[in-house]
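Both backbone and side-chain heavy atoms feed into the values below; hydrogens, waters and symmetry mates do not.
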Amino acid sequence: MSSYEYPNSLGPLDPLRSLLIAFAALLIFLAVFQFGTPWPQRDSFILFDWMGRYKAGGFDLLDLLLARNNEHLVGFHYLTSLMVLLVGEANFKLLMYLSALLLVLSIYLLLKTTTLDRLSHGQALLVGVVVTASLVNPVQASYLLWEFQVWWYWLLFFFSLAAFLIERFGRSAYPAIVLVCLIATLCSSQGAFLWLATGMHFLLFNFRDGFSPGRETRFRSIVLLAHLITFAVLAFVVMATAPKTSSAGSGLQIDLLAFPGYFAQLVGGGFGVRSPQLALVFGIASLAALVLACLPGFFNRKVMEKTTFRLGFVFALVGLLCTLAFAVGRQKHGIQWALWNFHAAPPLLPFFTGLGLLAVSTFAGRASGSSRLANALLGIVVALAVIPALSAIPAGYARANELQRVASSAHLASCHERDFPIYVRLRLNGLEDHSGLYERTKAMAMENCAREVNRADASILLYPPTSFSAFSRGDEDRTRALAALWGVYATHLDL
């Protein structure tokens, strides 16, 4: 009997992995506490629209479940967000705490699932470090500290839950897997990738509970085929019905020659670098490390039987699929746009998780012997999975401060007794192209004015340079012109 044969029960989490989960939870919740604000930004104002319909009695649950945001199906995302906002009296910071909770639960589920393998103490610690470090990467500030992006943390939780169910219960979990996939599909277009991921996971899974080889193969093949067909149908429907203003609806603009380099740069963006050249180097190194850690496992059945290997492969696949979808839809904006605010980096976190897990499952068993090469490969690949959590700290901290400053400035411009020009309020709220949405929802947004924000430097809006008074010399036209100029500076940090 293989030492990695399908076990009957989960093992306990050792104290070190439990400590890592607690440390990760502390970091994640402290980040939200310190940098999160209750004032909504950009697409979040759409939720005010739905809250208004609910309070006015014109709420239709089916309409909500079929809601779209650009090309994305977002019914479950909107439903859960509305429930939190209605209970929490429109405090949008609660959605950030929900994101934090889902992230911590994802870490816990992954580490709990790895207890199905019989790992040595050293391997268990390495797995704990890889999972926690990759999933607390500060580059995700753009998502964790923007309340609307809670959809991503729902997906990450569903990816982790599906992996846990398959590894723990095998084919018995299939009805639950279908339900989880359906819910994930209503979080975002990326949720449809769970159909592919679970199909591949079932294909890799080593069933040992009464399946004959022929029946086992048929079940795996049917599941994978069914999930491929489901994904293809979903992709067609999303593309065919996408609004013309969305990326999918307006047509894709892909430079096929430049696409491989662009994709590699996006992967390198997970290291928290804004230099396209550095991003390309890190991206190529990470993709090469994935091949290095993955291929040997497919030629060694004992490696493929490990839960850690299967988790690593599936999570690396999920990260790459989400990044590929971003690349296809957003290449037209250029790499500088993608790297500047790390729009594509957060969905890469599962890629780095998978990369580290593959390294442990492929090389750690050999590294316990005398193989220096296995030791070296293990160190290199694990380093590429863990280093982004450290190298992205400056970028994550800067982005967190920027998000907090903008949200706090939007709160001040919208709530202060001074009547700020409409372009200042629209710019700070991220609604320059959606003035109608702002006008419809600003009355509800004003209910958040009583909540304190934690950025004193937002008051820059109130205090133009003292030299402006001398320039205006009491002339009303000059005063208005200078005030407009200062509004442009304060909202764009540039003239």
Is there a side-chain contact between Ile46 and Tyr78 in this structure, where contact means two heavy atoms from C-beta onward sitting under 4.5 Å apart?
yes
So, Phe313 versus His201, ring centres under 6.0 angstrom or not?
no
Inter-residue atom distance Leu85.CG - Met444.CE, 0.5 Å rounding:
9.0 Å
Taking atom types as modelled, is there a side-chain donor on Arg17 or Thr132 under 3.5 Å from an acceptor on the other?
no
Contacts of His434 that satisfy side chain to side chain donor-acceptor pair (under 3.5 Å) - sequence neighbours left out
none
Residues 54-63, side-chain donor-acceptor partners within the protein, below 3.5 Å, at least two apart:
residue	atom	partner	partner atom	Å
Asp60	OD1	Leu62	N	2.9
Asp60	OD1	Asp63	N	3.1

Flag yes if more than 12 heavy atoms outside Phe23 fall under 6.0 Å of its CZ atom; otherwise flag no.
no
Nearest 0.5 Å, what's the CE-CG distance between Met83 and Leu98?
10.5 Å
Sequence neighbours left out, what passes salt bridge (Lys or Arg N to Asp or Glu O under 4.0 Å) with Arg68? Give chain and number order.
none
Tell me, do Ile107 and Ile28 make a side-chain contact under 4.5 Å, heavy atoms counted?
yes
Could you point out which residue of Leu165, Ile166, Leu311 forms a side-chain contact (heavy atoms from CB on, under 4.5 Å) with Thr113?
Leu311
Angle between ring planes, Phe282 versus Phe271, binned at 30° and 60°: parallel, tilted or perpendicular?
parallel
Within a strict 4.5 Å, meaning less than it, do heavy atoms of the Phe193 and Leu196 side chains meet?
yes
Shortest non-hydrogen separation from Ala392 to Pro138 and the atoms involved:
O-CB, 3.7 Å
Close side-chain approach of Leu116 and Phe164, heavy atoms under 4.5 Å
no
Can you check side chain to side chain contact (heavy atoms under 4.5 Å, CB included) on Val267 and Phe351, steps first, answer last?
CA-CA 9 Å; Val267 174; Phe351 167 77; 3.9 Å; yes
With side chain to side chain contact (heavy atoms under 4.5 Å, CB included) as the criterion, how do Leu64 and Trp50 come out once you've worked through the C-alpha distance, each side chain's angles and the decisive distance to 0.1 Å?
CA-CA 8 Å; Leu64 178 63; Trp50 285 100; 3.7 Å; yes
Smallest heavy-atom separation, Ala345 atom then Val139 atom, equals CB-CG2, 3.5 Å
Least distance between heavy atoms, Lys93 atom then Val32 atom:
CE-O, 3.2 Å
Heavy-atom closest pair, residues Ile21 and Val104
CG2-CG1, 4.5 Å
State, yes or no, whether a side-chain contact exists between Phe33 and Tyr97 at a heavy-atom distance under 4.5 Å.
yes
Do the side-chain N and O atoms of His77 and Ser188 include a donor-acceptor pair separated by under 3.5 angstrom?
no
More than 12 heavy atoms of other residues, nucleotides or ligands under 6.0 Å from CZ of Phe29: yes or no?
yes
Between Leu320 and Leu287, does the side chain to side chain contact (heavy atoms under 4.5 Å, CB included) criterion hold? Intermediate values first, please.
CA-CA 10 Å; Leu320 290 179; Leu287 293 171; 3.9 Å; yes
Flag the pair Leu135 / Leu110 as yes when at least one side-chain heavy-atom distance between them is below 4.5 Å, and no otherwise.
yes
So, for Val406 and Leu428, which heavy atoms are closest and what is the spacing to 0.1 Å?
CG1-O, 3.5 Å
With sequence neighbours excluded, tell me which residues meet side chain to side chain donor-acceptor pair (under 3.5 Å) with Asn137.
none
Ignoring hydrogens and angles, state whether a donor on the side chain of Glu147 or Ser44 is under 3.5 Å from an acceptor on the partner side chain.
yes
Testing Phe48, Phe148, Phe45 one by one against Phe92 for a ring pair (Phe, Tyr, Trp, His ring centres under 6.0 Å), which residue passes?
Phe48
Nearest 0.5 Å, please: how far is CZ in Arg425 from OG in Ser409?
14.5 Å
Can you confirm whether or not the ring centre of Phe263 sits under 6.0 Å from the ring centre of Phe326?
no
Interatomic distance, Leu186 atom CG to Leu66 atom CG [nearest 0.5 angstrom]:
7.5 Å
Does the distance from a Lys or Arg side-chain N to an Asp or Glu carboxylate O, for Arg405 and Glu402, drop under 4.0 Å?
no
Does a donor on one side chain and an acceptor on the other come within less than 3.5 Å for Trp151 and Ser81?
no
Tabulate below the donor-acceptor pairs under 3.5 Å that side-chain atoms of residues 153-162 make, not counting sequence neighbours, or state none.
residue	atom	partner	partner atom	Å
Tyr153	OH	Gln140	OE1	2.7
Tyr153	OH	Leu144	N	3.3
Trp154	NE1	Thr80	OG1	3.4
Ser160	OG	Leu156	O	3.0

For the backbone of Leu95 and the side chain of Ser99, can you confirm whether one donor and one acceptor N or O come within less than 3.5 Å of each other?
yes
Show your reasoning for whether side-chain hydrogen bond (donor to acceptor under 3.5 Å, both in side chains) applies to Thr307 and Glu167.
CA-CA 7 Å; Thr307 292; Glu167 289 294 330; 3.0 Å; yes
Do the non-hydrogen side-chain atoms of Ile335 and Leu266 ever get within less than 4.5 Å of each other?
yes
I'd like to know if the side chain of Gln265 and the backbone of Ala338 have a donor-acceptor N/O pair within less than 3.5 Å.
no
Can you tell me how far apart CG (Leu234) and SG (Cys181) are? Round to the nearest 0.5 Å.
10.0 Å
Is Asn448 close to Pro40 at the side-chain level, that is, under 4.5 Å between some pair of heavy atoms?
yes
Please list, chain by chain and in numerical order, all residues satisfying salt bridge (Lys or Arg N to Asp or Glu O under 4.0 Å) with Glu439, sequence neighbours excluded.
Lys442
Cationic tip of Arg42 above Trp146 ring, under 6.0 Å, 45° of axis:
yes
With a 3.5 Å distance limit and no angle check, can you tell me whether Ser414 reaches the backbone of His411 through a side-chain donor-acceptor pair?
no
With a 6.0 Å cut-off (strictly less than), is the heavy-atom count around CZ of Phe231, excluding the residue itself, greater than 12?
yes
Kindly give the heavy-atom pair with the smallest separation between Thr185 and Trp195, and that separation in Å.
OG1-NE1, 3.0 Å
Checking side-chain contact (heavy atoms from CB on, under 4.5 Å) against Thr441, which of Asp49, Leu431, Leu47 comes through?
Asp49
Ignoring hydrogens and angles, tell me if any N or O in the side chain of Asn69 forms a donor-acceptor pair with the backbone of His72 under 3.5 Å.
no
Check against side chain to side chain contact (heavy atoms under 4.5 Å, CB included), Phe315 and Leu349
CA-CA 9 Å; Phe315 266 69; Leu349 303 190; over 6 Å; no
Can you measure from OG1 (Thr37) to CG (Leu145) and round to the nearest 0.5 angstrom?
9.0 Å
Is Gln404 reaching over with its side chain to a backbone N or O of Gln34, donor-acceptor style, under 3.5 angstrom?
yes
